Amino acid sequence: MAHEILSVKLCELDDCICRLHGRIHLSESSDYKALDDEIRKMEKECKESRQALSDKLHHSKSDSVVKLSNAYDTVEDVIKDLELYKDGQWSADDRILLAEYSLDFALLAAETALHKSLEAIKAFKDEQRSA
């Protein structure tokens, strides 16, 4: 059962990555107005996704998930503080570096998710063998 849940999540991630990849490529050739519209649309989508995840995390009864939620909230606060620190005065190079490292963190998060998934599958199999 555990691996089915993880497989579904992985498919969701695959779909999301494909959409993100396509949106980046389309945006590179978009005119200024279309790009600005895409930025606003993405801001809305990010806000909705953040809220949905936050709702799920904060309603969990698992202590580990609550701690994870608190850690994520801390990261979000740091990102907001960084944006305020720069007072909106980001150069193109600053924005490219932020995007690059955001993608690096996304890759690290995906690798960590794989590691945790493998551990979960192993634990599930261990429980099945013990039963």
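As the structure is a computational prediction, the values presented were derived from the model and not from experiment.
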Query raised in the report: For Asp63, does the CG atom sit with more than 12 other heavy atoms under 6.0 Å from it, leaving out its own atoms?
Result: no
Query raised in the report: How long is the span from the OG atom in Ser91 to the CG atom in Leu98, to the nearest 0.5 Å?
Result: 10.5 Å
Query raised in the report: Is a side-chain donor-acceptor pair under 3.5 Å present for His115 with Glu111?
Result: no
Requested in this report: Starting at CG of Asp37, measure out to CE of Met42 and round the result to the nearest 0.5 Å.
Outcome: 14.5 Å
Report task. Quick one: pull up NZ in Lys67 and OG in Ser69 and give me the separation to the nearest 0.5 Å. Result -> 13.0 Å
Query raised in the report: Are the side chain of Ser54 and the backbone N or O of Arg50 linked by a donor-acceptor pair below 3.5 Å?
Result: no
Query raised in the report: Quick one: are Glu4 and Val8 in side-chain contact, heavy atoms under 4.5 Å?
Result: no
Report task. Is it possible for you to say whether Val65 and Leu53 belong to one hydrophobic cluster, with membership spreading through side-chain heavy-atom contacts below 4.5 Å? Result -> yes
Query raised in the report: Rounded to the nearest 0.5 Å, what separation is found between the OH atom of Tyr72 and the CG atom of Asp77?
Result: 11.0 Å
Query raised in the report: Do the non-hydrogen side-chain atoms of Tyr101 and Asp104 ever get within less than 4.5 Å of each other?
Result: yes
Query raised in the report: Is there a side chain to side chain contact (heavy atoms under 4.5 Å, CB included) between Leu13 and Lys9 once you walk through the steps?
Result: CA-CA 6 Å; Leu13 180 60; Lys9 286 293 183 183; over 6 Å; no
Query raised in the report: Once you round to the nearest 0.5 Å, how far does CD1 of Ile79 lie from OG of Ser102?
Result: 6.5 Å
Query raised in the report: Between CG of Leu26 and CG of Leu35, what distance do you get to the nearest 0.5 Å?
Result: 11.0 Å
Report task. May I ask you to decide whether Lys122 forms a salt bridge with Glu119, counting only side-chain N to carboxylate O separations under 4.0 Å? Result -> no
Query raised in the report: Taking side chain as C-beta onward, heavy atoms only, is Glu43 less than 4.5 Å from Arg40?
Result: yes
Query raised in the report: Does the side chain of Arg129 come within less than 4.5 Å of Asp126's, by heavy atoms?
Result: yes
**Report entry** same_hphob_cluster(Leu103, Ile17) at 4.5 Å side-chain heavy-atom cutoff
**Finding:** no
Query raised in the report: With a 4.5 Å heavy-atom cut-off, do Leu108 and Thr112 have their side chains touching?
Result: yes
Report task. With the side chain counted from C-beta on, respond yes when Arg23 and Lys41 share a heavy-atom pair under 4.5 Å apart, and no when they do not. Result -> yes
Requested in this report: Would you name the heavy atoms of Val66 and Ser60 that are closest together and state the gap between them?
Outcome: CG2-O, 3.8 Å
